[in-house]
Amino acid sequence: MTSPNAAPPDVNVPDEPGLVRVQHLTKRFGSGPGAVLAVDDLTFDVRPGRVTGFLGPNGAGKTTTLRMLLGLVAPTAGSTSIGGRPYGALGRPAHVVGAALEAASFHPGRTARDHLRVYAPQVGVPDARADEVLDLVGLGAAARRRVGGFSLGMRQRLALATTLLGDPPVLLLDEPANGLDPEGIAWLRGFLRALAAQGRTVLVSSHVLSEVEQTVDDVVIIARGRLVHASSLPELARLARPRLRVASPDGPALDALVAGQAWSVEHVDRAGGGAAYDLLDVDGATVGAAAFAAGVELHALAGRDVGLEDLFLQLTAPPTASGPQPTATTTTDGSDR
Ligand SMILES: Nc1ncnc2c1ncn2[C@@H]1O[C@H](COP(=O)(O)OP(=O)(O)OP(=O)(O)O)[C@@H](O)[C@H]1O
């Protein structure tokens, strides 16, 4: 089972500009028997210059966490900061963090440019910035069109343009790929990667790992309000190693065989006198030959690939679910260890 909590951030390292920090964050909605523990002692960091996927099934607590980062919901306990300060202490917040939460609502009769010009004075930027951000998101040619006629993909781009008005170093985007067609997703991928390459902090939530797999450098995975895994994507991918299922009606003989080898055991099931092992990093030919040589009767010898999406489902499955659980380390520093 995965370590339920990330290692605490290193308190000796001063907060970098653009560092997003969540520490022991907890949110309980309501009280008594009907209370909902939406976020439960969550701790993680999101680093500049990287795209981080904030992942979890529906209802895991992603939006509530983002809302607390933005000062829209008060935590029950714990804290959040952006560049070392809580949201409420940011002098000009739109110049520090741009956020797009849920489907933004637009006045259908307004043009894209006018929509942005409504926000420009609030952010403290000149009207001309509206055209700049429209160009950035590829909507320059649609600047004078009414938003009511926009496709979902165009609306998502306009929402993104709105978050960029203040040229913030930090972007918090809640399910930005929702409703996009493959072309739109490919565009978003390139766009987010370019923003991170400029040194920005980009946090993107999604309930589907495969949707962001090609976009993110790091992952923070939560389920039922709790952290279940935080690491770089390559480190997560290393957990998705192929498994070999080997079963024998003679459990003690298989135990002795496995114990005598340097095979890595992920999981073992026992029933009657038999045993079934899930082994990592060993192939069927090796195990089959060793069993044959030792005279161990095998009733199953089957390889199984565990894809990233399978791993994600395993990591976020309710605790009642049976079956092998991957062993995961949890880090928060974004390194590829
Ligand atoms: N204002 C609220 N009052 C009561 N419960 C709430 C409130 N907001 C969220 N919740 C509950 O908190 C839990 C977490 O919800 P949240 O929207 O943060 O999850 P999520 O991971 O963003 O899910 P999704 O992917 O479906 O958006 C859910 O059980 C939700 O019903």
Side-chain angles (χ1 to χ4, degrees), residues 2 4-6 20-46 51-82 86-88 97-105 152 155-156 159-160 163 170-180 184-185 188 192 201-213 215-216 218-231 236 308-309 311-321 330:
T2 308
N5 269 308
V20 174
R21 180 158 276 186
V22 169
Q23 287 184 294
H24 300 293
L25 192 65
T26 297
K27 179 65 194 183
R28 189 183 301 274
F29 288 109
S31 57
V36 175
L37 188 58
V39 175
D40 185 7
D41 196 21
L42 198 53
T43 295
F44 63 88
D45 283 351
V46 186
V51 181
T52 300
F54 187 33
L55 306 167
N58 290 126
K62 304 180 296 295
T63 304
T64 303
T65 301
L66 295 177
R67 291 174 70 84
M68 286 191 277
L69 271 162
L70 295 165
L72 298 169
V73 169
T76 306
S79 63
T80 62
S81 63
I82 299 174
Y87 185 87
V97 54
L101 299 189
E102 45 238 316
S105 57
L152 185 55
R155 285 167 196 251
Q156 293 276 40
L160 210 46
T163 69
V170 177
L171 289 158
L172 306 180
L173 309 173
D174 200 6
E175 308 256 0
N178 243 3
L180 293 188
I185 288 177
L188 182 68
L192 298 181
T201 311
V202 183
L203 183 67
V204 188
S205 83
S206 177
H207 58 277
V208 199
L209 173 59
S210 54
E211 190 175 77
V212 296
E213 193 180 321
T215 311
V216 301
D218 296 326
V219 291
V220 171
I221 303 177
I222 66 170
R224 296 168 298 284
R226 295 188 68 89
L227 187 74
V228 294
H229 183 89
S231 75
L236 178 71
L308 268 183
E309 199 63 36
L311 183 64
F312 176 64
L313 292 174
Q314 284 178 29
L315 285 168
T316 57
T320 48
T330 303

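Side chains included, hydrogens not; waters and symmetry mates left out as well; all remaining heavy atoms used. Both ligands and their constituent atoms are indexed starting at 1 by order of listing. The model shown is predicted, which means the values in this text are computed figures rather than measured ones. Numbering starts at 1 and runs along the sequence shown.
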Could you check whether any side-chain N or O of [X] sits under 3.5 Å from a backbone N or O of [Y], counting only pairs where one atom can act as donor and the other as acceptor?
| X | Y | answer |
| --- | --- | --- |
| Thr43 | His24 | yes |
| Gln156 | Ala177 | no |
| Lys62 | Pro57 | yes |

Criterion side-chain contact (heavy atoms from CB on, under 4.5 Å) against Val202, the qualifying member of Val46, Thr52, Leu192: Leu192
Tell me which one of Thr80, Val220, Thr65 satisfies side-chain contact (heavy atoms from CB on, under 4.5 Å) with Leu42. Thr65
List, ordered by chain and residue number, the protein residues whose closest non-hydrogen atom lies under 4.0 Å from any atom of ligand 1. Phe29, Val36, Ala38, Pro57, Asn58, Gly59, Ala60, Gly61, Lys62, Thr63, Thr64, Glu175
Please table the atom pairs, donor to acceptor, closer than 3.5 Å between any side-chain atom in residues 25-34 and protein atoms at least two apart or in another chain.
unit_1	atom_1	unit_2	atom_2	d
Thr26	OG1	Asp41	N	2.9
Lys27	NZ	Ala74	O	2.8

